[in-house]
Number of protein chains: 2
Amino acid sequence: MTPLKPASAPRPSDSRSSMQEVAKRAGVAPSSVSRVLSGHPNVSEVLRNRVNDAVSAMGYEPDLLAQSLRRGATMTVGFVVANISNPLLSEIALGAETCLQAAGYSMLVTNSMSEPELDAEHIRLFARRRVDGLLLSISSENWQATIDAINKSALPVVLVDRELKVNQPVSAVLAEHGIGIADAVHHLASLGHQRIALVNGPADLRPARDRAATLRRVSRQLGITCIVRSGAFTAEHGERAVEFLLAQPDPPTAIVVGSNQILVGVLRALRHAARRIPEDISLVTCDEVPLAEFLVPPLATIERDHFEMGTIAAQLLLELLSGTKPRTKKVPTTYLPAGSVGPAPAST
Amino acid sequence: MTPLKPASAPRPSDSRSSMQEVAKRAGVAPSSVSRVLSGHPNVSEVLRNRVNDAVSAMGYEPDLLAQSLRRGATMTVGFVVANISNPLLSEIALGAETCLQAAGYSMLVTNSMSEPELDAEHIRLFARRRVDGLLLSISSENWQATIDAINKSALPVVLVDRELKVNQPVSAVLAEHGIGIADAVHHLASLGHQRIALVNGPADLRPARDRAATLRRVSRQLGITCIVRSGAFTAEHGERAVEFLLAQPDPPTAIVVGSNQILVGVLRALRHAARRIPEDISLVTCDEVPLAEFLVPPLATIERDHFEMGTIAAQLLLELLSGTKPRTKKVPTTYLPAGSVGPAPAST
DNA sequence: ATTCACTTTGGAAACGATACCAACATGAGA
DNA sequence: TCTCATGTTGGTATCGTTTCCAAAGTGAAT
């Protein structure tokens, strides 16, 4: 039997060369090579050249793994996200990664598929990988295992549109959902709408809470009725919610939709019920959808700058990594009226 | 002056405990702790218990960084992508990450913003980080620095809808764009269309090449005219291309659009030129867009399963990592007719 | 009782870099 | 000429694991 695995050196005949070899070739000590490469001030011209020549001759590139172990910093951050295929989150990821990249950091991404226990697991995994910090857009704000994992990790954390009771103070970038919702509700009320529904996301997440709270407050101020249906970020939830709403004795004349996944279900249910927009019912959605301008009618939208939220999240994390105190930054939302909002139908 | 930085131990009073400390607490050698934790067969019951007790008492979790350095495997793969906010790519990323996660791998993501030099740079960076493999959806197939970086890295590579002349054979997951294009062209031809335009992506990428080649071949077979406008994956390109096409003496009666970013520009230009779909011009787009079913008219689409492409890419990489020979897997595309395709207008 | 195979454990050398410390050289000031 | 501060270099311990090797213990077979 010939042994299938030599199983001795992990990388037997690898092309990569180590600093030792560079040192030997340059005829200097490894520590000197390190000094040259890390830009230490007290290095003579001649040594620097000798080392640099050897480095370029061998095509040497330092091993970031060993560097991380020794320096105690991996120059890596973890992004814990429900689902990177959500355009909202992928734009945030783009903004964050671009900013982190510029600062020399790499970004690990993991999908929790809206399962809170996976959030916690991934946070622990990232901690074991010794990431320098975390960007969190977790799936539930009330999951104890997640909070425990964050506390135990003792890592710098930036929350992305989330609020969390953890021991350490953490930074956060928060969208001011209330602004856009309030503007939308005022607009709807001015058009005679008396019953407004919010087909909302999960109640244990800040965006949904913020939107619901604002809708309730503004509705009370304006003396109109509102109804909130919380649920998952899925088309199914949107569909069920609309079926429920339309079955009410006094169905709402306007619907605000809490996410683009939910929107798909809402539109399907409205189409199935043959409701015309905006003649029968007005529609406002949260977060831009790609072709909203080409829908008939165009979709009124409560927007925010996702890319910028990602950038800010990264900046806040870089701040924390440089030792600054945690802080919270807010990003506005903007209500953009469009053809999907019209006068309330004459009451029956 | 009090020194601001003690600058000695990287993590002065860290909560994390090392294997040494576990060993000491359990009263055994570090190597024994390692054996227990890595499930080595020859470990006595009593030793195993002593170690496990100490481990759980201290809440010890092994340091993956040190593990990686010693074992020579980081259990990390890098995904090089033009722009993670592109829904196509973010769905691939989701599929890939889900699959890799299940196999114990983490995924680093980096955005090249369609700049080939950044592709090369990021590949080198990932190599220095000692990732175990690469998933590549690079921005140009002809960029020498990228090819050099791949060759030098000597890493297992899976190309995602790309073809590349590298030294080592690499695996690839490729979409069969031709199937969908051919079906669409046949459909259009059967409706009387004689001049079909393809507003294409960059000519140095496989999807665009594949689509253009098929369009030309099928057009020749059917005896109809085709025109291809290559360009970047941007709305601007789509807008310019349509302006150009409509300014032709004999403008096309049908347009196939090569990506969802380009689509936005195409739709804008058609709206601006007041062309009705499908009465004046028929439209087919590649790759699903979220609300295509609610556009008026609904958009004919050439689809493929992005999530599955990501999954397959990850599986191919896992295969390579287990030592299997590289291979290529193909994913079909499907033409879905819809209201945006209609009979060719009566020729002028 | 001796040998041998086998299991179980500890010790120490790696993985590839960094940073401390000491040693040596250099030049200025006394 | 002798200090002393400063600049430059090499040697070595260290980051936290794994794994090889050897030593010790066990039991069976001779």
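Excluded from the calculations below are hydrogen atoms, water molecules and symmetry mates; all remaining heavy atoms, backbone and side chain alike, are included. No experiment lies behind these values; they were computed from the predicted model shown. The sequence lines fix the lettering, A, B, ..., with proteins before strands; numbering per chain opens at 1.
Of the listed nucleotides (C:dA17, D:dG10, D:dG16), C:dA17 has the atom at the smallest distance from the side chain of A:Pro62.
With hydrogens and angles ignored, a donor-acceptor pair under 3.5 angstrom links the side chain of A:Ser31 to the base of D:dG11. Between the side chain of B:Arg70 and the base of C:dA14, at least one donor-acceptor pair of N or O atoms lies under 3.5 Å. With hydrogens and angles ignored, a donor-acceptor pair under 3.5 angstrom links the side chain of B:Arg35 to the base of C:dG10.
Ion pair B:Lys152/A:Glu61 flagged as a salt bridge, since at least one NZ, NE, NH1 or NH2 atom sits closer than 4.0 Å to an Asp/Glu carboxylate oxygen.
At least one side-chain nitrogen or oxygen of A:Ser32 sits closer than 4.0 Å to the OP1 or OP2 atom of D:dG10. For A:Ser44 and D:dT9, the shortest distance from a side-chain N or O to OP1 or OP2 is below 4.0 Å. Within the structure, every side-chain polar atom (N or O) of A:Ser18 is placed at least 4.0 Å from both OP1 and OP2 of C:dG16. Taking 4.0 angstrom as the limit, B:Gln67 places a side-chain polar atom (N or O) nearer than this to OP1 or OP2 of D:dT18.
Expressed to the nearest 0.5 Å, how far CD1 of B:Ile312 lies from OG1 of B:Thr328 amounts to 11.5 Å.
Counting any heavy atom pair closer than 4.0 Å across all strands shown, B:Val43 reaches sugar-phosphate atoms only and no base atom.
For the 3.5 Å distance criterion, the side chains of A:Arg50 and A:Ser32 fail to qualify, holding no donor opposite an acceptor.
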